[in-house]
Amino acid sequence: MLLKTSRRLINCVVIMPQSSRRTRYQPEKIERKWQKTWQEQAVFEAPENTEQTKRYLLVEFPYPSGDGLHVGHVRSYSAIDALARYSRLKGFAVLYPIGWDAFGLPTENYAIKTGVHPRQATDTNIATFRKQMKSLGLSFDWSREIDTTDPNYYKWTQWIFLQLYKKGLAYQATIPINWCPKDKIGLANEEVIGGKCERCGTPVTRRLQKQWMLKITAYADRLLKDLDTVDYLKKIKTQQVNWIGRSEGAEIQFKIQNSKGRIKVLLATSNPSKVERVKKLLAKYLPEVSVVTPAEAGLPTVDVTEESNLVENARRKAKAYFGKTDLPILGTDTGLFIDGEMIDPAQVKRNALRGRSEKDLAPKEIGQAILDFYKTIVERQPAGVAGYWIDALVLITPDGRETQSQSRRDIILTRKPHEKIDWHFPLRSLYRVKATGRYPYDQTAAEEFIELKPYSDALCQLLSPAIPVFTTRPDTIFGATYLVVAPEHEIIQNLKFKIQNFGEVEKYIEKATKKSDLDRTDLAKEKTGVELKGVKAINPANNEEIPIWVADYVLLSYGTGAIMAVPAHDERDYEFAKKYGLPIRQVVAPYFTKNAEDKDALRPNKKTVKRKTAYALVYSKKKNAFLCLDWEKYDWRSGIIGGVDEGESYEEAARREIREETGYLNLKFVKNLGGEQHNHFFTTHKDENRYAYGQGMLFELVDETREPVSDEHTKHHTAVWIEKAKMGEWLNLASFKYIWEAYVSDSNCYTGEGVVCNSGPYNGLSSNEAIGKMAKAFGAPAVQYKLRDWVFSRQHYWGEPIPIIHCPEHGPVPVPEDQLPVELPYVKKYQPTDTGESPLAGIKKWVNTKCPICQKPAKRETDTMPNWAGSSWYYLRFCDPHNPTVFADRKKLDHWLPVDIYNGGMEHTTLHLLYSRFWHKFLYDQGLVPHPEPYRRRHSHGIVLAEDGRKMSKSFGNVINPDDLVKQYGADSLRIYEMFMGPFEDTIPWSTQGLIGVRRFLDKVWDSQKKIGKQTDAATEKLLHQTFQKVSHDLETFKFNTAVSALMIFINHLGQAGEISSSDFTAFLRILSPFAPHLAEELWAQHGGKGLAAVAGWPTTDERFLHDAEIEIIIQVNGKMRDRVTVSAEASEDEVTKQTLSREKIRKSLSGQQPKKIIYVKGKIINLVVPNV
RNA sequence: GCCGCGGUGGUGGAACUGGUAUACACGCAGGACUUAAAAUCCUGUGGGGGCAACCCCAUGAGAGUUCGAUUCUCUCCCGCGGCACCA
């Protein structure tokens, strides 16, 4: 109450002009008036049929929350508004639109809590926002206002989704999602705060759920590359680059080692001749596989003699074998089995054609459709399925025709269901089938089996798969001493029958997958894992058998979900290997050489001599110090170094050198330090280049027993004991710095580049050369991205329904475009269902519909789209917001696109920007938009913190409400203050005092009316033109704060000394109007401005005022400012020098000396250099 | 840990391309007006020394390059933002 009263008191004072000597302006009297005028005259509607150059300025459209406009919004809108108004004055045709990104969770949560329908809440919030924005006098083109929750808008959001679907870029996949076990609801990543549910704080777990996905990864490469073509703030680009996370390396296959008879498979036939043939083939080509017949496995024999009853046979087999045996099943004659599920071949074809008639399609298209359909079936399978043994009933011939194929078959296999599959393979094999007119297993001829190698390869892969591994360091492959696979990796399930400790492995997997993300990152820093006993992989570089481990430090979602572990050169692998006692083999040696400037730098014309060298650190416990050498002829400070003689080991050489150079005799070898290292430098005393390669070692001094050291040794260096604490500083040779590092960190892991060693024929290559060569030799160069596909499903009510209908027969079918939009039904309950489905699932009337293909009962998709959907293309709709027939008319898009300047919060610079760039590129590929990139330039404004430096938040009670500020100080003050507070991109705390300062400035502007006279005085005129220049430049470069300061400087000057003509005064009003549009407009009207200041044009700078006839030269002595001298602008260097030297002050500074050197920078500075002053 | 950005008065910040460090604003101090307060106006305001002219020091710390460094290079410290076992 008290607060309110005092505030009112302040208001009263503000309003009473008689109480102040300076006249003050009254914003509340003028602002509303001009806002009305602008609206009535439609001055801010984007002109389309003009000759003017267009400029499209865009601010992120807000989410109309219940809290109303935030001062952070105002910061962005005012600044870009200043730019928009400036651009109009400059003569551009400006599009500066606004709308509402209104779908989203807060509104839905509010609805759940209060029972107010989201539609109604949204409308209320929008009305508030609109009113607030209008009260600020923002020059938006309100005729183009859009709302993402308007069916006329989201019709096109849905339409774009369907285009993505039709191009195979939208698909369904079962993936782990964040799940709140208390609320029983799936959570988006944004709703998970610190591993906990945003609403109730329950720790989030993972749960598999079928979700719609968008294949943004297909655009990863272009999203990255095209960043070169746009002008974004550097940090925004970096964020995008990091998010996409491209890394180059190699994919390498590690085969699983097999041994005879280790794998047993069930042969799904009892036909004796077939059993015999298969056994014979397997014995020859896959000896590790042995076959069990159903009879041997105690399973019933299924009679499949009648080929005409194919489907029935398949069904019977499936019933008899699948799920009843824990052996993998090898081949059947009939039907189409996918992981035990029997699929009716006729149905396959029908589904594949998706309601299109066979007659309308070319044979090739039919073939492709069927193949595509197989893909979707296979890819739909959850992870962990062994592979797919499909007896295809449809064959495609080389010319693409479909043939009768009941007795033929094909194998379609996949390594990993959700990963890319070499779909070329089955087709190619089929060609061969056609060529020979036979198919594999009925023919026993070995050649034919070989000729049909893809089959045998595929079979091998199914039964003894390889593990693909991605690495950025193929040069370290000889050091790969074990493999690690992610707990969810399918290979583990595939190898189920080989893994001896499968129980233990399963337990580990269960524990690992149950861990939430929180546990996996924050807590479980200590690496854990279990070896897959009974299976080994083959290192393709050296054919060594290496163990395979499962560990959760390897992530399924990156690369291939498996790694080759190189403990010697990767810290994570090193840590793991140390813990579990796995072998560590060094294959890259660090390579040290000297810079060209150094006196030990290599001399190219000298020969290089190789020398095996021992590097020893000797530690004395008693002294807590190390035995070192201080070199006489060189600036070297090292440990003990010495060449290794013929027949000597490193240790022997080290012991000998220690004795010879320091005399110490009793030493204990402790361990190697840092492995092999290479040093390449020039030796002055030998006049040759030396290539010293060798091993660092740690010894401990046992006792002081010592023999005398010969003069020959002491003349080169002195033996000294250096305290442990000083060693790091003291050592200065790269070789020993490296050894010391290894000692201190107690790690022999070296992750840098160097020279390849212990790698057979590759020894001696630099790691860079080796990366290329080894990648090709043992695998294939490959590129990986961190970017994942976009999870596009939300189980919420308040979002765009995904326009898909699920038909039991035809699968997912797109809603025909003429039936869009699929409108959100009106409901009373928004709570999610127990099953984690969207609340829409409960609305039977809406869910149940007809299949667009067969008209039989079908169900609507109940998931809705995420918030990001509507905002991924809104800038397109602004070009043509009311078009009922297309999302935007192409001509209008051609006219307005791309967005010239786009501003928004830093929080949207990764996801939103990436998503909308992705959609835009997709639309570009479809020929629907004119450019590959939507935004030419992107800026981000900094956050406005509360006055106390914390985030503004209701709970802290430190929120600043723009409405109060407008009421108390006027919209113009608020707008200018938000620009003046600091650099646009910086986070800055709010300061109401600062705002008051700006208000004083506006009062001064108002007051300066009385300075209007007949003529502008010279100084004022000059400053005015300089201000035109400065303000223009600063606006273009987003330096709003200094633009405002330039205006203040001018007004300060005018208030103190100046006189100004009426026309110059109104010229000032024009440059003021982007910042304080209301005040400028009012004064403009009062002082005879024609029309509106908002469209009055930008004053031209008279260049004459930017250059002075006389300039001031700064005089420095030794770089320090001592005096200044005014000379004519054309003055020559000699003249300036003469004048400078004649000055009393300078002569005093020089104290009689003559300058040794004089540096003159034209028109700026003259610097006199004297030896000592 | 990695990547990016930054560190300038009591405070927000300014300084073009290496050339007068601290513009503009807030705050503070003193003064004017006023019975008084507010408002407004004037003056001062990085630190130290000096009666003064003027001098010295200062852009996170330390080094380097340069006639001259807030600006460029290296090392370190601190803060912010992003990513986080990314193979």
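Both backbone and side-chain heavy atoms feed into the values below; hydrogens, waters and symmetry mates do not. We name chains A, B, ... by the order of the sequence lines, and we start the count at 1 in each one.
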OP1, OP2 of B:C56 versus side-chain N and O of A:Arg1122: anything below 4.0 Å?
yes
Return yes if some donor-acceptor pair links the side-chain N/O of A:Arg788 with the main-chain N/O of A:Tyr785 below 3.5 Å, else return no.
yes
Taking the C1' atom of each, how far is B:C67 from B:C76, in whole Å?
29 Å
With a 3.5 Å cut-off and just heavy-atom distances, do the side chain of A:Gln1116 and the base of B:G19 make a donor-acceptor pair?
yes
For A:Glu1144, is there an ion pair with A:Arg1147 - N to carboxylate O distance below 4.0 angstrom?
yes
Separation between the C1' atoms of B:C72 and B:G1, rounded to whole Å:
29 Å
Using the C1' atom as the reference point in each nucleotide, state the distance between B:G27 and B:G46 in Å, no decimals.
15 Å
Atom CZ of A:Phe980 and atom C1' of B:C24 are separated, to the nearest Å, by 5 Å
Could you check A:Val998 against A:Met981 and say which one's nearest nucleotide on RNA chain B is further toward the 5' end?
A:Met981
Atom-to-atom span, CG of A:Asp948 to P of B:G12 - whole angstrom:
14 Å
Atom CD1 of A:Ile563 and atom C1' of B:C85: how far apart are they, to the nearest Å?
9 Å
The nucleotide from B:C67, B:C56, B:C85 with an atom nearest the side chain of A:Val1169 is B:C67
Would you indicate which nucleotide in B:C83, B:G12, B:C24 comes nearest to any side-chain atom of A:Ile988?
B:G12
Expressed in whole Å, how much space separates the P atoms belonging to B:C56 and B:G50?
16 Å
Hey, does A:Pro983 reach any base, or is it just sugar-phosphate, or nothing, if we go heavy atoms under 4.0 Å?
sugar-phosphate
Determine: side-chain N/O of A:Thr1042 to OP1/OP2 of B:G13, distance under 4.0 Å, yes or no.
no
Whether the side chain of A:Lys234 and the base of B:C5 hold a donor-acceptor pair under 3.5 Å is what I'd like checked.
no
Should A:Lys1145 be listed as having a side-chain N or O under 4.0 Å from OP1 or OP2 of B:C54?
yes
How many whole angstroms separate atom CD1 of A:Ile1159 from atom C1' of B:G19?
11 Å
Does A:Lys1156 place a side-chain N or O at less than 4.0 Å from the phosphate oxygens OP1/OP2 of B:C67?
no
Given the rule in the side chain to side chain contact (heavy atoms under 4.5 Å, CB included) test, do A:Leu1141 and A:Leu1168 qualify, once you have shown the distances and angles that lead to the verdict?
CA-CA 9 Å; A:Leu1141 291 173; A:Leu1168 310 174; 4.2 Å; yes
Taking the side chain as every heavy atom from C-beta outward, state whether A:Asp1003 and A:Tyr25 have any pair of such atoms under 4.5 Å apart.
yes
Mind calculating the distance between CD (A:Glu947) and P (B:U11) to the nearest angstrom?
16 Å
When you measure from the side-chain N and O atoms of A:Arg1000 to the phosphate of B:C26, is any distance below 4.0 Å, counting only OP1 and OP2?
yes
Is A:Asn1041 near enough to B:A25 that one of its side-chain N or O atoms lies under 4.0 angstrom from OP1 or OP2?
no
Proximal nucleotide (of B:C67, B:G4, B:C24) relative to the A:Lys235 side chain
B:G4
Note: for A:Thr910 and A:Thr472 on RNA chain B, the residue whose nearest nucleotide lies more 5' is A:Thr910
When you get a sec, tell me which of B:A23, B:G19, B:A15 is the closest nucleotide to the side chain of A:Lys1039?
B:A15
Separation of A:Trp243 atom CH2 from B:C2 atom C1', in whole Å?
15 Å
Using whole Å, what does the distance between atom P of nucleotide B:A69 and atom CG of A:Asn1118 come to?
11 Å
Counting distance only, does the side-chain N/O of A:Tyr580 pair as donor-acceptor with the main-chain N or O of A:Gly529 below 3.5 Å?
yes
For nucleotides B:G19 and B:G30, find the distance between their P atoms and express it as a whole number of Å.
40 Å
Do the side chain of A:Tyr508 and the main chain of A:Asp552 share a donor and acceptor less than 3.5 angstrom apart?
yes
Give a yes/no answer on whether the side chain of A:Gln993 brings an N or O atom under 4.0 Å of OP1 or OP2 in B:G27.
yes
According to a strict under-4.0 Å criterion, is A:Asn1167 in side-chain N/O contact with OP1 or OP2 of B:U66?
no
Base, sugar-phosphate alone, or nothing: which one does A:Lys786 contact when heavy atoms must sit under 4.0 Å apart?
base
In Watson-Crick or G-U wobble terms, both distances under 3.5 Å, what is the partner of B:U17?
none
Rounded P spacing from B:C16 to B:U70 in Å:
13 Å
Assess, by modelled atom type and distance only, whether the side chains of A:Tyr558 and A:Ser247 contain a donor and an acceptor separated by less than 3.5 Å.
yes
What does B:C2 pair with, Watson-Crick or G-U, if both distances are under 3.5 Å?
B:G82
Kindly point out which of B:C85, B:G19, B:A21 is positioned nearest to the side chain of A:Tyr553?
B:C85
B:C57 OP1/OP2 closer than 4.0 Å to side-chain N/O of A:Lys1120
yes
C1'-based separation of B:A15 from B:U20 [nearest Å]:
10 Å
Quickly work out the A:Met1121 CE to B:C57 P distance and round it to whole Å.
15 Å
Find the partner of B:C51: check Watson-Crick (N1-N3 plus N6-O4 or O6-N4) and G-U wobble (N1-O2, O6-N3) distances, both under 3.5 Å, and reply none if neither fits.
none
Please answer whether the main-chain N or O of A:Tyr553 pairs with a side-chain N or O of A:Lys527 as donor and acceptor at a distance below 3.5 Å.
no
Nearest-angstrom distance, C1' atom, B:U17 to B:A69:
14 Å
Can you find a heavy atom in the side chain of A:Asn903 that is under 4.5 Å from one in the side chain of A:Phe984?
yes
Do the side-chain N or O atoms of A:Gln1056 get closer than 4.0 angstrom to the phosphate oxygens (OP1, OP2) of B:C42?
yes
Can you identify which nucleotide, out of B:G81, B:C24, B:G12, has its nearest atom closest to the A:Gln239 side chain?
B:G81
